[in-house]
Protein chains: 2
Amino acid sequence: MSRSYGQYCGLARALDVVGDRWNLLIVRQLLIAPARYRELLDGLPGVATNLLADRLRDLETAGVVQRRLAEKGNVVVYALTPWGAELREPIESLIRWSTPLMVRGPGGDCFRAEWLVVPLRALLVGKAAPRRSSKVGIAVDGQLVQVRATRSGIEVNPHDGGDLDAVVRADAAIVLGLAAGVLALDDTLGLVDIDGDEAAVRAIFNARRAHVGGSAH
Amino acid sequence: MSRSYGQYCGLARALDVVGDRWNLLIVRQLLIAPARYRELLDGLPGVATNLLADRLRDLETAGVVQRRLAEKGNVVVYALTPWGAELREPIESLIRWSTPLMVRGPGGDCFRAEWLVVPLRALLVGKAAPRRSSKVGIAVDGQLVQVRATRSGIEVNPHDGGDLDAVVRADAAIVLGLAAGVLALDDTLGLVDIDGDEAAVRAIFNARRAHVGGSAH
DNA sequence: CCGCATCCTCATGGATACTG
DNA sequence: CAGTATCCATGAGGATGCGG
């Protein structure tokens with residue numbers, strides 16, 4: 001654990017816990033899904049093995065992460081505690097703030113489709129459920145993320161290997177633009193490739209935000 | 001600037017900009033109010049002078065901070081750019097997340113009343129304006145923060161030296177509890193000391209959140 | 001004084017090799 | 001596979017210097 005700021009301030013205390021290098025990215029990975037040590041290493045290109053082990057220990061002591069034994073075998077799986085999962089809000093907030101940094105595209109940075117899970121959840125979850133259930137894959141760089149729409153809502157997860165009603169192939173920026181509603185499917189001819197049930201894809205990207213409150217003012 | 005994560009991910013890109021040690025705390029200080037170099041040093045106990053200079057340069061290059069020349073004299077004042085000011089949301093989010101870390105009290109950590117400005121704004125701004133205008137001081141550890149209530153809303157700022165209709169003296173945790181509405185003034189006998197217009201104080205802490213949307217569902 | 005720049009020391013991070 | 005151990009590079013923290 002790095003040096004404390006020693007300030008009685010919410011932000012400083014929060015950063016005492018999650019401010020160290022890699023910490024929030026580890027939380028991002030666990031927000032995507034609970035994972036084993038090796039999966040974390042893969043999802044966090046650039047992290048050193050000793051650092052990952054250190055950080056996981058720190059986060060566990062702090063109460064952000066918990067080691068669990070998976071049902072199958074006695075393998076260790078890392079997951080967020082309920083309090084750790086509440087970091088979803090600050091993280092989504094930072095992701096929204098970073099939009100100007102993302103629009104210029106990947107440049108030389110590496111990319112994993114699973115990283116789309118967090119922003120896609122922020123954009124799609126809470127939207128009105130489509131009439132028909134469907135399971136749509138989003139393929140970026142040959143990697144798959146799945147969006148499952150049921151009567152009870154929309155879920156976004158890494159692909160679990162099951163059958164898909166449709167597969168959309170596009171660049172990361174396009175996918176985010178479609179999910180955010182700043183791009184319409186019909187305006188992306190040639191940039192987006194759809195296999196399978198196109199209606200299911202349209203249902204997801206055209207879903208309106210579920211009506212929760214009344215109209216403003 | 002420290003090493004980039006090299007990941008095409010909103011969170012990673014955001015942290016490339018504000019993830020370095022001290023960066024978000026500098027933004028916190030500038031969120032409280034634009035400040036001169038020396039004021040930043042005072043508001044960030046523990047920071048080394050060279051680090052502060054380095055970070056200010058980095059943040060300026062990144063477009064988060066801007067150096068400005070104050071009207072009076074040709075003194076340099078640091079302030080947030082519009083994009084930098086949008087960090088208010090992730091920061092408030094982290095402050096909310098840190099609540100479990102704050103309830104145990106200051107311990108050995110140092111404290112400055114001005115640090116209350118950001119959380120108090122999050123809790124009070126947007127609340128319904130009281131009928132009468134007033135300017136109330138909140139004194140913690142002998143340092144003053146002011147809350148100004150007008151017809152157009154509630155403002156929270158470091159004390160500007162002007163006259164106050166009332167002064168509330170209490171511990172930081174109590175102040176936050178009152179503002180959050182988890183403590184009622186009447187339940188804090190002996191913990192809170194009010195001088196002056198007590199009604200003005202009650203008006204602020206009892207203000208209900210302004211009605212914006214309709215009822216849920 | 002204010003606003004930094006320099007210098008020095010030690011803690012932290014990063015890369016890789018290695019072990020149960 | 002799931003980490004430790006090791007070594008080197010970098011960054012943080014503290015003191016001090018220095019021009020305006």
Side-chain angles (χ1 to χ4, degrees), chain A residues 1-7 12 15-27 29-30 33-62 65-79 109-110, chain B residues 1-7 12 15-26 29-30 33-62 65-79 108-110:
Chain A
M1 207 170 337
S2 105
R3 201 178 162 67
S4 159
Y5 285 110
Q7 299 182 1
L15 293 175
D16 282 342
V17 174
V18 293
D20 275 359
R21 199 164 162 77
W22 293 107
N23 270 346
L24 275 184
L25 293 185
I26 291 171
V27 173
Q29 283 305 118
L30 297 179
R36 301 183 52 175
Y37 186 85
R38 155 54 58 123
E39 299 176 302
L40 288 174
L41 271 183
D42 293 342
L44 295 163
V47 75
T49 61
N50 56 345
L51 273 191
L52 180 56
D54 282 358
R55 293 293 113 97
L56 286 170
R57 245 192 309 272
D58 293 346
L59 290 171
E60 194 186 356
T61 324
V65 161
Q66 56 190 352
R67 317 160 78 91
R68 298 191 315 209
L69 290 175
E71 315 81 46
K72 298 288 180 185
N74 45 2
V75 264
V76 174
V77 172
Y78 294 92
D109 292 352
C110 62
Chain B
M1 208 170 335
S2 107
R3 201 183 220 295
S4 159
Y5 285 109
Q7 299 182 2
L15 293 175
D16 282 341
V17 174
V18 293
D20 276 0
R21 199 163 161 77
W22 292 107
N23 271 346
L24 275 184
L25 293 186
I26 291 171
Q29 284 305 119
L30 296 179
R36 301 184 52 176
Y37 186 83
R38 156 54 55 131
E39 299 176 302
L40 289 174
L41 270 184
D42 293 343
L44 295 163
V47 76
T49 64
N50 57 345
L51 272 193
L52 180 56
D54 282 357
R55 293 293 115 96
L56 285 170
R57 244 190 312 271
D58 293 345
L59 291 171
E60 195 186 354
T61 323
V65 161
Q66 57 190 351
R67 317 159 79 90
R68 298 191 315 208
L69 290 175
E71 316 81 43
K72 298 290 180 183
N74 44 2
V75 261
V76 174
V77 172
Y78 293 92
D109 291 353
C110 62

*Asks:* Can you see if the side chain of Arg38(B) gets near the phosphate of dG3(C) - specifically, an N or O under 4.0 Å from OP1 or OP2?
*Replies:*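 Negative; the distance criterion is not met.
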*Asks:* Expressed in angstrom and rounded to an integer, what is the separation of Leu40(B) atom CG from dG3(C) atom P?
*Replies:*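 Whole-Å distance recorded here is 9 Å.
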*Asks:* Would you kindly give the CZ-to-C1' distance between Arg67(A) and dC1(D), to the nearest whole Å?
*Replies:*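 Roughly 13 Å, once rounded to whole Å.
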*Asks:* For dG11(D) and Trp22(B) - does any side-chain N or O of the residue sit under 4.0 Å from the phosphate oxygens OP1/OP2?
*Replies:*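 Negative; the distance criterion is not met.
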*Asks:* Starting at CD of Gln7(A) and ending at P of dG13(D), how long is that distance when rounded to a whole Å?
*Replies:*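 Nearest whole value for this atom pair: 11 Å.
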*Asks:* Can you find a donor-acceptor pair, distance only, under 3.5 Å between Asn50(B) side chain and dG14(D) base?
*Replies:*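 For Asn50(B), whose side chain was compared with the base of dG14(D), there is a donor-acceptor pair (under 3.5 Å).
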*Asks:* Both Ala48(B) and Asp54(A) contact DNA chain D. Which one's nearest nucleotide lies toward the 5' end?
*Replies:*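 It is Asp54(A) whose nearest nucleotide is closer to the 5' end.
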*Asks:* Between Leu59(A) (CG) and dG3(D) (P), how many Å, whole number?
*Replies:*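 My rounded result for the distance is 14 Å.
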*Asks:* Whole Å only: how far is the CG atom of Leu52(B) from the C1' atom of dC2(C)?
*Replies:*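 Distance check: Leu52(B) CG to dC2(C) C1' gives 13 Å.
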*Asks:* Could you tell me whether the phosphate oxygens of dG3(D), OP1 or OP2, come under 4.0 Å of any side-chain nitrogen or oxygen in Tyr78(A)?
*Replies:*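 Answer yes for this pair, as a side-chain N or O of Tyr78(A) is under 4.0 Å from OP1 or OP2.
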*Asks:* Nearest whole Å is fine: how far is dT12(C) C1' from Arg3(A) CZ?
*Replies:*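 In whole Å, dT12(C) C1' and Arg3(A) CZ are 12 Å from each other.
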*Asks:* Answer yes or no: is there a donor N or O on one side and an acceptor on the other, between the side chain of Asp16(B) and the main chain of Ser4(B), under 3.5 Å?
*Replies:*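 No, the answer is negative, given that no donor and acceptor are paired below the 3.5 Å cut-off.
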*Asks:* Tell me what Ala53(B) touches on the nucleic acid: a base, only sugar-phosphate, or nothing, going by heavy atoms under 4.0 Å.
*Replies:*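 If one applies the 4.0 Å heavy-atom cut-off, Ala53(B) turns out to touch the sugar-phosphate alone, with no base involved.
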*Asks:* Do the side chain of Glu39(B) and the main chain of Arg36(B) share a donor and acceptor less than 3.5 angstrom apart?
*Replies:*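 The answer is yes, because a donor-acceptor pair under 3.5 Å joins these two groups.
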*Asks:* Between dA15(C) atom C1' and Arg21(A) atom CZ, what is the distance in whole Å?
*Replies:*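 Nearest whole value for this atom pair: 14 Å.
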*Asks:* Looking at dA5(C), does its base get a donor-acceptor pair with the side chain of Thr49(B) below 3.5 Å?
*Replies:*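 Check passes, donor-acceptor contact within cut-off.
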*Asks:* Using a 3.5 Å distance criterion without hydrogens, assess whether the side chain of Asn23(B) forms a donor-acceptor pair with backbone atoms of Val17(B).
*Replies:*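 Yes; at least one donor-acceptor contact below 3.5 Å.
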*Asks:* Would the distance check show the side chain of Arg55(A) and the main-chain N or O of Arg21(A) forming a donor-acceptor pair, the cut-off being under 3.5 Å?
*Replies:*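 Indeed, once roles are kept as given, a pair shorter than 3.5 Å links the two residues.
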*Asks:* In whole angstrom, what separates Tyr37(A)'s OH from dG20(C)'s C1'?
*Replies:*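 In whole Å, dG20(C) C1' lies 14 Å from Tyr37(A) OH.
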*Asks:* Between the main-chain N or O of Leu25(A) and the side-chain N or O of Tyr5(B), is there a donor-acceptor pair closer than 3.5 Å?
*Replies:*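 Answer holds: no.
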*Asks:* Both Arg55(A) and Glu39(B) contact DNA chain C. Which one's nearest nucleotide lies toward the 5' end?
*Replies:*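 Nearer the 5' end of the strand: Glu39(B).
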